[in-house]
Novice: 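Please find one structure pasted underneath; my questions will follow.
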There are 2 protein chains.
Amino acid sequence: MTRVLIVDDDPGLARALAINLRARKYDVDVAGSGADALKLAARTQPDAVILDLGLPDIDGTEVVAGLRGWTTTPILVLSARQDQADKVAALDAGADDYITKPFGMDELLARLRAALRRAARSPVEAPLVVTASFTIDLAAKRVTRDGKDIRLTPTEWHLLELLARSPGRLLTQRELLREVWGPAAERESQYLRVYIGTLRRKLEPAPSAPRHLITEPGMGYRLER
Amino acid sequence: MTRVLIVDDDPGLARALAINLRARKYDVDVAGSGADALKLAARTQPDAVILDLGLPDIDGTEVVAGLRGWTTTPILVLSARQDQADKVAALDAGADDYITKPFGMDELLARLRAALRRAARSPVEAPLVVTASFTIDLAAKRVTRDGKDIRLTPTEWHLLELLARSPGRLLTQRELLREVWGPAAERESQYLRVYIGTLRRKLEPAPSAPRHLITEPGMGYRLER
DNA sequence: CAGCGGCGTCAAGGTGCCGTCAAGATCTCT
DNA sequence: AGAGATCTTGACGGCACCTTGACGCCGCTG
């Protein structure tokens with residue numbers, strides 16, 4: 001199912017859009033402010049964003065720029081302003097389309113289809129987790145440090161992959177052990193100590209003073225960017 | 001240099017567009033009719049097409065469809081018609097944007113930049129994978145080494161093709177086995193060992209110290225450029 | 001201050017994976 | 001139908017990886 005994030009502070013318009021999109025089998029999330037939009041987008045990973053420029057908190061182009069910092073998902077901007085300068089600013093900030101109100105629903109849907117079609121052609125971009133010391137390419141299953149490949153054993157990779165899938169989040173020892181070694185090994189925290197150790201030696205600039213593979217004593221581990 | 005094809009039967013507008021684009025360092029070709037446009041596009045391989053819908057010979061959406069038959073280059077449609085149905089038709093035929101006249105030059109340029117930006121993210125269809133030791137032509141199904149053809153058996157080719165489709169990416173044993181030998185053979189990693197071995201003997205300068213067909217122990221294989 | 005639990009490190013042993021070879025089975029093309 | 005190429009399968013040596021035990025350090029707690 002295609003997931004669309006609607007960002008609009010006008011509840012009426014947002015609802016109308018949502019109803020229309022849901023009727024066409026899109027998954028719809030709605031955010032009422034720029035801050036909400038950025039948070040929701042990170043969580044829901046939308047396939048497209050429909051963004052009304054007239055937001056109460058953050059300037060619309062700021063939202064575009066904020067999204068573009070980490071995602072290439074298509075952004076369709078809605079605006080009441082006809083001014084060319086606004087359009088240029090939004091488009092150059094990274095928006096894919098700019099639609100002036102009032103607009104027809106059919107046109108919006110067609111433009112959404114066009115944007116999704118284009119996006120579908122580009123490959124899923126490499127999910128890269130970049131830290132100050134090393135880079136993890138989850139799709140290629142590859143870790144580089146100073147431009148050079150770091151070889152990881154399957155278990156090392158599996159463990160690192162889990163941490164990298166939720167950067168910044170604390171993963172408990174139980175979670176990690178269950179994922180990597182299976183439910184039977186939930187108490188074998190020694191495994192974790194050994195493998196976190198080898199990962200630190202391979203990845204950390206100063207393995208004895210880790211900056212990225214952080215221990216939360218008594219709890220678990222966390223990958224800090 | 002970015003190459004843009006302008007399709008417009010109004011010489012005045014075409015000239016104005018061409019001048020503006022050339023001033024911004026685009027390479028510009030101009031076609032005055034739909035037939036010309038299709039011919040020129042094939043010859044010049046434009047990075048984007050600006051297409052006026054009001055053509056004398058062919059209907060504009062036909063031109064869009066004709067282009068879309070063989071290229072994914074961005075198409076920006078210009079039209080005097082405000083009608084939603086026209087926009088929907090053109091967009092669904094494969095156009096990337098629809099701009100109604102009169103329009104501002106700045107807006108057009110911004111929309112062109114947006115379209116080019118997105119297109120740049122899709123990879124150029126590269127049927128050639130070149131390594132330091134050999135070259136794989138995916139379209140022609142050929143491998144050459146030092147200018148000479150290397151004969152591969154069907155299975156060898158199938159396996160190499162998979163690796164070459166995502167150069168640098170680690171493909172797991174399961175993925176490779178499933179693709180080449182079918183889901184029933186997902187555990188037959190012996191097949192892989194044998195065939196990777198023959199590929200190395202045929203392609204690697206030093207088969208016992210492979211530089212390109214890399215084993216990631218316990219995980220899979222990777223084609224390194 | 002002593003005891004304890006959690007953590008990090010190291011090293012050794014065993015085992016499972018990988019590369020290689022070769023022979024038999026099967027397929028393909030003439 | 002036959003020859004040659006290709007695929008499958010088994011055996012085996014070597015090596016990298018996983019597991020496991022031992023030990024020291026640190027911080028917390030009584």
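Letters A, B, ... mirror the listed sequences (proteins, then strands); counts begin at 1. Because only heavy atoms are used, hydrogens play no part in the values below, and waters and symmetry mates are left out as well, while side chains stay in.
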Novice: Go through C:dT9, C:dC18, D:dC7 for me and flag the one nearest to the B:T153 side chain.
Specialist: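 Looking only at side-chain atoms, B:T153 lies closest to D:dC7.
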Novice: What's the CG-P distance between A:L159 and C:dG8, to the nearest Å?
Specialist: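 Going from A:L159 (CG) to C:dG8 (P), I get 12 Å.
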Novice: Could you tell me how the ring of B:F134 sits relative to the ring of B:H212: parallel (under 30°), tilted (30 to 60°) or perpendicular (over 60°)?
Specialist: perpendicular
Novice: Between A:R201 and A:G218, who's closer to the 5' end of DNA chain C by nearest nucleotide?
Specialist: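 With A:R201 and A:G218 compared, the 5'-side residue is A:G218.
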Novice: Nearest to the side chain of A:Q190, heavy atoms from C-beta on, is which of D:dG21, D:dC18, D:dT9?
Specialist: D:dG21
Novice: Without decimals, in angstroms, what is the distance between A:Y195 OH and C:dC7 C1'?
Specialist: 17 Å
Novice: Can you tell if the side chain of B:R43 reaches within under 4.5 Å of the side chain of B:L40, non-hydrogen atoms only?
Specialist: yes
Novice: Would you say a side-chain N or O of A:Y191 is under 4.0 Å from OP1 or OP2 of D:dC18?
Specialist: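 It does not, given that no N or O in the side chain of A:Y191 lies less than 4.0 Å from OP1 or OP2 of D:dC18.
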Novice: Answer yes or no: is there a side-chain heavy-atom contact under 4.5 Å between A:Y221 and A:L159?
Specialist: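 Heavy-atom side-chain distance check fails, nothing below 4.5 Å.
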Novice: Checking all strands, does A:S189 fall into the base, sugar-phosphate, or nothing category for heavy-atom contacts under 4.0 angstrom?
Specialist: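 Contact class for A:S189: none.
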Novice: Pick one: which of B:R117, B:R111, B:R118, B:R68 meets salt bridge (Lys or Arg N to Asp or Glu O under 4.0 Å) with B:D96?
Specialist: B:R68
Novice: Just call it for B:E216: base, sugar-phosphate, or nothing, with non-hydrogen atoms closer than 4.0 Å on any strand.
Specialist: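 If one applies the 4.0 Å heavy-atom cut-off, B:E216 turns out to touch nothing in the nucleic acid.
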Novice: How many whole angstroms separate atom CZ of B:R187 from atom C1' of C:dG16?
Specialist: 15 Å
Novice: Taking only the side-chain heavy atoms of A:T155 (C-beta and beyond), determine which of D:dC18, C:dG8, D:dT6 contains the nearest atom.
Specialist: D:dC18
Novice: In whole angstrom, what separates B:R193's CZ from D:dC12's P?
Specialist: 15 Å
Novice: By nearest atom, which of the nucleotides C:dC18, C:dG8, D:dT19 is closest to the A:Y221 side chain?
Specialist: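 From the listed options, C:dG8 comes nearest.
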Novice: What's the closest nucleotide to the A:W181 side chain, out of C:dT20, D:dT19, C:dT9?
Specialist: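 My answer, after comparing the listed nucleotides, is D:dT19.
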Novice: Figure out the CE/P separation between A:M219 and C:dG6, and round it to whole Å.
Specialist: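 Distance, rounded to whole Å: 14 Å.
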Novice: Would you say A:R200 and A:T215 are linked by a side-chain donor-acceptor pair, where the criterion is simply a distance under 3.5 Å?
Specialist: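 Result is yes, a qualifying pair exists.
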Novice: Which nucleotide sits closest to the side chain of A:Q173: C:dC7, C:dC10, D:dT19?
Specialist: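 Among the listed nucleotides, the one closest to the side chain of A:Q173 is C:dC7.
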Novice: A:W157 CH2 to D:dC17 P: how many Å, rounded?
Specialist: 15 Å
Novice: Measure the distance from CG on A:L199 to P on C:dT9 and round it to the nearest whole Å.
Specialist: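 Answer to the nearest Å: 12 Å.
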Novice: Reading DNA chain D from 5' onward, which residue's closest nucleotide shows up sooner: A:V194 or B:E156?
Specialist: B:E156
Novice: Using the side-chain heavy atoms of A:R151, tell me which of these nucleotides is nearest: C:dC10, C:dC21, D:dC17.
Specialist: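 When the side chain of A:R151 is considered, D:dC17 is the closest of C:dC10, C:dC21, D:dC17.
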Novice: Rounding to a whole Å, what distance do you find between B:I196:CD1 and C:dC17:C1'?
Specialist: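 Spelled out: CD1 on B:I196 to C1' on C:dC17 is 15 Å.
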